[in-house]
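Accompanying notes for the structure given below.
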Amino acid sequence: MSPRLRVALLALSGLALLPGAAAVIAGLPPFGATIAQYGERINAIAPDARHVANMVSAINFDLRGLDTLGEEFMLLAAITGTVVLLRGHRGEGNSGRAMRRAGRALIPRSEAVVLACRIAGPLTAVFGLYVVVHATVTPGGGFQGGVILASATLLIYLGEGYAGWRDAVRSHWLDALEGGGALLFALCGLGPMLMGAAFMQNVLPLGTFRDLFSGGLMLIENLGVALAVTGGFTQLFLEFMEETRATDEPEEPGEESA
Amino acid sequence: MTASAAALLPLPVAIPLVVCAAMLATAHLLPGRLPDILATLAALAVAVLCAVIARHAAEHPLVYWFGGWEPHDGVHLGIGFSVDEASGWVAAFIGLLYAVTFVFAWGFFGRTHGHFHILMLLFLAAMVGFCFTRDMFNLFVWFEVMSVAAFALTAYHLEESALSGAINFTVINSLAGFLMLGGIGLIYARTGTLDFEGIAAAVARSGRDPVVAGAFCLVAAALMIKGAIVPFQFWLADAHAVAPSPVSVIFSGSMVSLGLFGLAKLSAVVFGGSDQLRHALPLLLTALGGGTALLGGWMALLQRHLKRMLAFSTISHAGIMLTGIGALSADGTGGMLVYLVGHGLVKGALFMVAGILLATRASIDEIALRGLGRGIGPAGIAMALAGLLLCGLPIGVLDQGTRLVQGALAQQGRGMALAAGAIGAALTGAAVLRAAGRIFLGLGPDPGDEAGAPSADEREKANRPLWLMLAPCCVLLALDVALPADLIEHAVPRAASAFLHRPAVAALAEGPAWLPWTSLTAALAGAGYGLFRRRLPALVVRPVSVTQSAPTRALEVLHSGLIGDYAAWLAVGVAVIAVVLGLA
Amino acid sequence: MTVILPLLFLLAAGSGTAVVLIRDPARQIFAIAVNGLVLAILFDALQAPDVALSELAVGSAAVPLLFLVALMAVRNQPPEEKS
Amino acid sequence: MSMLPYAVAAWLFGIGLYGIATSRNFIHLVGCLGICQSATYVLLLGLGYRWGSIAPIFYDHPPGTPAVDPVMQALVLTDIVVGATLTALLLVLTIQAYKRGGSLDPEILRPMRPGGQPDRGASRADDGERTAP
């Protein structure tokens with residue numbers, strides 16, 4: 001099909017869809033008028049039932065924990081896939097050590113960049129940890145914190161250069177971190193079954209409302225997610241970086257993550 | 001007894017997940033063959049557990065609430081699994097298919113620290129979760145896990161066509177995921193719940209409602225993309241043709257039909273209460289299904305790349321399954337479920353034959369392989385038998401499913417869909433039989449239109465003995481042929497009614513007995529024409545070639561491999577569904 | 001609030017359109033990052049701080065970074081000899 | 001205003017699809033797919049919003065204060081993970097496809113070209129290629 005024909009086809013089906021879409025939009029409740037009964041109900045009962053302040057975490061780790069389990073394993077699938085697809089080409093043998101492209105000199109980094117990264121890296125990591133541990137009381141949780149932690153390791157890359165990064169971060173540790181985190185989460189599901197409860201039933205003491213240690217089993221699940229996401233995203237960055245080592249210097253990424 | 005059986009429900013999902021997480025955590029420590037063994041055992045465990053669950057679900061569906069969040073005052077708070085007999089058996093079949101595939105692929109994925117077994121096990125867990133869940137969003141999560149694992153597996157060969165096939169597959173199926181999520185958002189906003197039963201009750205109350213119809217349109221489009229229904233079918237040929245053969249076994253045998261399984265479940269259980277949909281669906285589904293069956297069959301006949309041919313044949317059979325759903329009756333749906341299992345067994349065996357050719361003869365091209373199959377006769381017999389079964393040889397599970405689907409269609413007077421299904425099956429059977437004759441008997445030195453079809457140079461590692469690859473293939477075929485017919489005949493009416501949440505029926509209608517034989521004869525005639533065209537009188541050959549050339553070229557042009565075209569067709573498909581629903 | 005929300009929705013539509021219409025991948029990356037940022041602000045205004053934090057970390061940092069890396073990989077590695 | 005979020009969601013999906021249909025560069029195409037996905041974020045969060053409600057976090061406000069729908073937010077969180085994984089996978093595929101095919105243009109990188117002939121097949125199939133174009 002020629003591009004013009006393709007756009008015409010697209011526009012035609014867009015036109016055909018227009019009345020339907022209009023009818024659907026008109027049939028929906030007006031924006032901001034009401035929320036669904038399910039969400040209302042959770043807002044009403046979850047603070048009492050699970051002693052947590054953050055309803056989104058309560059849903060993610062308790063009421064609908066199975067979804068998050070699936071989501072974690074989706075991440076695992078994607079990162080395993082990425083590793084296989086990128087390494088299948090490079091060959092697995094040399095993934096453990098830094099290799100350098102022939103004919104490319106090491107480019108010295110400016111003092112300022114190194115210093116900035118050495119300061120920003122730990123700060124980002126601390127912020128990431130903060131986000132992880134406060135999952136049940138304030139916004140954030142294992143996933144968000146894990147991504148921020150992974151960005152902190154990326155700052156090491158900017159500060160110390162590739163070799164330094166490779167020394168600090170080893171590929172099979174990351175596999176272990178990622179798999180271990182996911183395993184921890186899955187075992188949080190199976191553990192309660194051994195005690196005669198339902199899969200992923202919150203059998204641990206729930207703690208006090210608005211306390212850092214509230215939510216019982218959710219805390220462990222959150223930890224599992226944080227480990228898996230940190231390991232997974234670091235692995236992802238690592239594998240992607242491996243693809244670009246012909247470049248001089250990646251530009252400023254990672255700043256917004258803090 | 002049933003209470004303890006219900007407690008088993010999380011295990012078929014949890015076991016593969018735990019095994020693959022543990023495998024990843026210890027990836028660099030695992031010795032050579034351990035991933036193969038672990039993965040096979042895990043898949044077998046899933047199959048056995050699902051079979052146990054299915055047996056216990058025969059009386060009434062088993063229900064399990066995760067986290068102990070049972071519904072309270074009619075509000076469903078958590079996620080539930082709800083397994084009826086049919087879902088249980090389908091999941092058991094999928095577990096078995098994986099176990100057999102792991103044996104077939106023994107050592108094939110050796111060099112990657114078990115990463116491929118990790119992906120395959122995730123794929124398995126997602127499929128079982130997809131069969132069991134009774135929660136809309138959970139369904140979406142498993143749908144996406146399935147997709148993500150599949151995307152990575154497709155590109156394993158890292159060849160140019162494998163990569164661009166995988167990109168097409170990924171983009172189209174990602175769009176499917178977004179559509180589905182949009183539909184879920186709409187139905188949640190309308191009904192205030194995500195649970196199947198809760199939504200069904202609210203839909204039945206709502207009457208004619210554009211939001212419900214819109215939600216169904218989006219979700220159905222997503223599942224039809226997964227199920228490769230015209231005009232969403234384009235990705236399938238690209239992806240199945242380039243994926244490693246063990247992965248293609250899973251794709252064709254279970255992933256595609258699972259999309260239709262989901263569609264059957266949703267349209268019967270969740271959206272069944274809407275009069276508007278009940279009026280529109282039979283026409284929509286049988287028309288799309290019939291078209292898909294014909295187009296898939298025709299395209300299959302025109303291929304020379306064996307896996308691509310089988311991919312189109314899968315499209316054709318997906319169309320037949322869709323016509324079964326379209327009957328919206330216990331006969332049609334029961335037939336579709338039986339057909340799903342039978343088709344998975346036969347198509348899995350065929351892709352294994354393709355894998356055997358790739359490994360032992362280092363090619364997948366029908367014309368290049370002419371006569372080269374002589375040394376591996378058993379594979380040829382398997383392929384010929386599978387081809388006969390595909391087009392309607394009246395024995396085995398696949399045939400039983402076919403007759404039930406045909407019975408449902410005949411009862412409702414949908415002659416067009418009935419004919420389209422029979423012709424589609426005959427065409428795919430003809431294609432497979434022609435290829436078998438050419439490869440294993442050296443017939444047909446003078447190829448017709450198929451010579452102009454796309455092909456690629458491909459081979460797979462030949463690191464396994466022939467018997468190790470042949471045994472799983474024969475197991476699948478033997479299962480299809482030898483599963484006792486009266487057992488299925490006895491179980492299907494009950495299981496199909498429970499699947500549809502309807503009162504049980506005593507027996508199901510079957511189609512006319514002559515129809516499979518007609519398909520079979522037509523397939524043999526088609527294969528014979530392809531192989532012996534040089535010996536036929538010009539009076540026969542010329543009109544056929546003249547009439548088939550133009551549409552053939554047009555069809556090949558349509559299957560351009562361009563992602564932009566596929567996106568445009570996707571929009572067309574969604575618009576067609578929306579218009580049909582809107583007019584009802 | 002009644003003014004800010006519509007404005008943010010329109011901004012999200014606009015920045016999304018920009019991502020599509022900027023055909024040069026190198027410049028598109030900036031559009032993607034801006035779009036991520038706009039979405040994060042929109043989500044925060046919609047009282048979804050959890051989602052906003054995720055979108056900030058993923059949509060305006062991690063994903064543009066991946067795009068950047070992919071672009072560099074493509075630019076710097078001439079394709080291998082085809083066999 | 002009451003329809004604006006839904007219209008924006010529909011627009012984003014449409015424009016993303018238009019981008020995919022017309023893109024001549026896979027990296028650009030992946031960006032367009034992200035826009036299609038952001039349509040789902042906007043739709044879901046728009047459906048879960050209620051005027052005058054707080055975020056569903058009862059830290060500064062006591063439980064019982066009207067809050068927006070937390071379920072939609074949980075769904076969107078999962079969706080964002082989906083988006084990140086898909087982007088990563090697609091970019092990997094794109095990089096690899098570029099290395100093999102030497103192009104990022106979908107028109108050039110096709111899965112299988114019509115009439116493609118296997119190299120080794122030609123000699124084996126004695127007259128197999130006769131009718132090939």
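A, B, ... follow the sequence lines: proteins, then strands. Residue 1 opens every chain.
- Between A:Arg50 and A:Leu206 there is a side-chain heavy-atom pair separated by less than 4.5 Å.
- With chain A as the partner, the residue from D:Val71, D:Leu93, D:Ile80 showing the most heavy-atom pairs under 4.5 Å is D:Val71.
- Looking at A:Ala36, both its backbone and its side chain come within 4.5 Å of chain D, counting heavy atoms on both sides.
- By the 30° and 60° cut-offs, the orientation of the rings of A:Phe61 relative to A:Phe185 is tilted.
- A donor-acceptor distance shorter than 3.5 angstrom exists from the side chain of A:Thr153 to the backbone of A:Ala150, with no hydrogens or angles considered.
- Looking at A:Val7, only its side chain comes within 4.5 Å of chain D, counting heavy atoms on both sides.
- With respect to chain D, the highest number of heavy-atom pairs below 4.5 Å among A:Asn54, A:Asn43, A:Val56 belongs to A:Asn43.
- At a 4.5 Å heavy-atom cutoff, the contact between A:Leu75 and chain D is made by backbone and side-chain atoms alike.
- Of the residues considered (A:Arg64, A:Arg6, A:Gln144), A:Arg6 shows the highest number of contacts with chain D, using heavy-atom pairs under 4.5 Å.
- Of the two parts of D:Val68, only the backbone, made up of N, CA, C and O, holds a non-hydrogen atom closer than 4.5 Å to a non-hydrogen atom of chain A.
- Both the backbone and the side chain of A:Thr82 have a heavy atom closer than 4.5 Å to some heavy atom of chain D.
- Partner of A:Gln235 under the side chain to side chain donor-acceptor pair (under 3.5 Å) criterion, chosen from A:Asp175, A:Thr230, A:Thr80: A:Asp175.
- Proximity to chain D (any heavy atom under 4.5 Å) is shown, for A:Glu72, by neither the backbone nor the side chain.
- Using a 4.5 Å cut-off between heavy atoms, A:Ile42 touches chain D through its side chain atoms alone.
- The contact between D:Ala84 and chain A is made entirely by side chain atoms (from C-beta outward), counting heavy-atom distances below 4.5 Å.
- The aromatic rings of A:Phe127 and A:Tyr130 lie parallel to each other, with less than 30° between the two planes, well short of the 60° mark.
- No side-chain donor from either of A:Asp67 and D:Thr78 sits under 3.5 Å from a side-chain acceptor of the other.
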> What's the verdict on side-chain contact (heavy atoms from CB on, under 4.5 Å) for D:Arg50 and D:Asp69, showing C-alpha distance, side-chain angles and the deciding distance?
Replying inline: CA-CA 8 Å; D:Arg50 182 168 57 184; D:Asp69 192 345; over 6 Å; no

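- For the pair D:Val92/D:Ile95, no side-chain contact is recorded, criterion being any heavy-atom separation below 4.5 Å from C-beta on.
- No part of D:Leu86 comes within reach of chain A, as not one of its non-hydrogen atoms sits under 4.5 angstrom from that chain.
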